[in-house]
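Read through the structure below, which is laid out as structure tokens, and then see the notes.
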Amino acid sequence: MATISTSFVSPNFIPNHKKHFKAHSSRIRSPTLKSDAVPLALITPPPVPQHGHALLLRGRVSSVAGETSAPAQDTISEAARRLYVGNIPRTVSNDELRKFVEEHGAVEKAEVMYDKYSGRSRRFGFVTMKSTEDANAAIEKLDGTELSGRKIKVNITESPLQSVDLSLLQAEDSQFIDSPHKVYVGNLAKTVTTETLKKFFKGTVVSAKVCRVPGTSKSSGFGFVTFSSEEDVESAISSFNNTLLEGQKVRVNRA
């Protein structure tokens, strides 16, 4: 009679692959496990070659140099486009000056200069054109022409004075003593100085000054004289208005 044998495999003998895999994985992740692998966090990039670093520096220096030189070039360019417009009527405003000039070229900015004491126009202004071609065209078309009955002067802004001369003029301006008792003196000859103006009025003059085109020694053709009382102002107007000073009749009125 044949014998049939059966064998039972205990469940304890079936390998737990899942547990084995987890254990193996945990060993790989364990920081205490010794391994030949080097953690990524400990890998440092190789040093930048010396010549590469130098190239980077040179590039930055060139960039900085370009940034530094740009404003200087802009200043030179603006000076070549900036026009002086002189002997304009006192009633001309910034907008009117702009419209007058832009008939002959594109205008970037127009500004009439006003006296800081009286608030009156100083009869000149500056106009910055958008290009040197526009500036040259405006000079050619407008210099010597008339604006509201006055013959105007148009040219490129004069070169600034040397620092020594400019400092002397600034010192002269700083010595001017302002006062509510003040007269405006117009139509001054270009040769009249502050000292000449002060001596011309004599008597009880407190202070005097001849106004100049900013940044130059050129007279603007007018000035101011201050006194110690209202009576002195009235006396100056009645005595010196329409009198001659260095060959020209001056206008004297209350400032």
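In this structure, Met129 CE and His104 NE2 are separated by 9.5 Å, a value rounded to the nearest 0.5 Å. Of the inter-residue distances, the one linking Leu97 atom CG with Ile152 atom CD1 reads 8.0 Å to the nearest 0.5 angstrom. Rounded to the nearest 0.5 Å, atoms CG (Leu83) and NZ (Lys153) are 12.0 Å apart.
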Quiz item: Can you check side-chain contact (heavy atoms from CB on, under 4.5 Å) on Val250 and Thr243, steps first, answer last?
Solution: CA-CA 6 Å; Val250 297; Thr243 58; 4.1 Å; yes

Practice problem: Take Leu197 and Leu188 through the test side-chain contact (heavy atoms from CB on, under 4.5 Å) and record every step on the way to the result. | Solution: CA-CA 9 Å; Leu197 185 61; Leu188 292 176; 4.2 Å; yes

Quiz item: Can you check side-chain contact (heavy atoms from CB on, under 4.5 Å) on Val127 and Phe100, steps first, answer last?
Solution: CA-CA 11 Å; Val127 179; Phe100 176 72; over 6 Å; no

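Residues meeting the side chain to side chain contact (heavy atoms under 4.5 Å, CB included) test with Thr193, sequence neighbours left out: Glu195, Thr196. In terms of the side chain to side chain donor-acceptor pair (under 3.5 Å) criterion, Asn241 has no residue partners (sequence neighbours excluded). Every ring-ring contact (aromatic ring centres under 6.0 Å, His included) that Phe240 has, sequence neighbours left out, goes to Phe200, Phe201. Partners of Ser121 under the side chain to side chain contact (heavy atoms under 4.5 Å, CB included) rule, at least two apart in sequence or in another chain, are Arg90, Val112, Tyr114. With sequence neighbours left out, the salt bridge (Lys or Arg N to Asp or Glu O under 4.0 Å) criterion links Asp178 to Lys182. When the salt bridge (Lys or Arg N to Asp or Glu O under 4.0 Å) test is applied to Glu102, the partners found at least two apart in sequence or on another chain are Arg98.
Closest heavy-atom contact between Gly186 and Phe222: CA-CB, 4.1 Å. In terms of heavy atoms, Gly86 sits closest to Phe124 at CA-CB, 3.9 Å.
Annotation: Lys99, atom NZ; neighbour count of heavy atoms from other residues, nucleotides and ligands within 6.0 Å does not exceed 12.
Pairs of residues two or more places apart, or lying in two chains, never qualify as salt bridge (charged side-chain N to carboxylate O under 4.0 Å, His left out) while including a residue from residues 117-126. Within the structure, the side chain to side chain donor-acceptor pair (under 3.5 Å) test picks out the following pairs touching residues 219-233 (sequence neighbours left out): His181-Glu230, Thr204-Asp232, Ser228-Asp232, Ser229-Glu231, Ser229-Asp232, Glu230-Arg254. The salt bridge (charged side-chain N to carboxylate O under 4.0 Å, His left out) pairs that include a residue from residues 125-134 number zero, where partners must be two or more places apart or lie in different chains. Sorted by first and then second residue, the salt bridge (charged side-chain N to carboxylate O under 4.0 Å, His left out) pairs with a member in residues 235-248 form an empty list; sequence neighbours excluded.
Panel note: side chain Glu111, backbone Gly125; no donor-acceptor pair is recorded below 3.5 Å. Using modelled atom types, no side-chain atom of Thr194 and backbone atom of Lys209 make a donor-acceptor pair closer than 3.5 Å. In this structure a side-chain-to-backbone donor-acceptor pair under 3.5 Å is missing from Ser239 to Ala236.
Val185 is listed as a side-chain neighbour of Val225, based on a closest heavy-atom distance under 4.5 Å. Two residues are said to be in side-chain contact when any heavy atoms from C-beta on lie closer than 4.5 Å; Val205 and Phe227 meet this criterion.
A donor and an acceptor atom, one from each side chain of Asn87 and Arg150, are located under 3.5 Å apart.
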Table please: side-chain donor-acceptor pairs of residues 135-148 below 3.5 Å, with sequence neighbours left out.
residue	atom	partner	partner atom	Å
Asn136	ND2	Thr132	O	3.2
Asp143	OD1	Val154	N	2.9
Thr145	OG1	Leu142	O	2.6

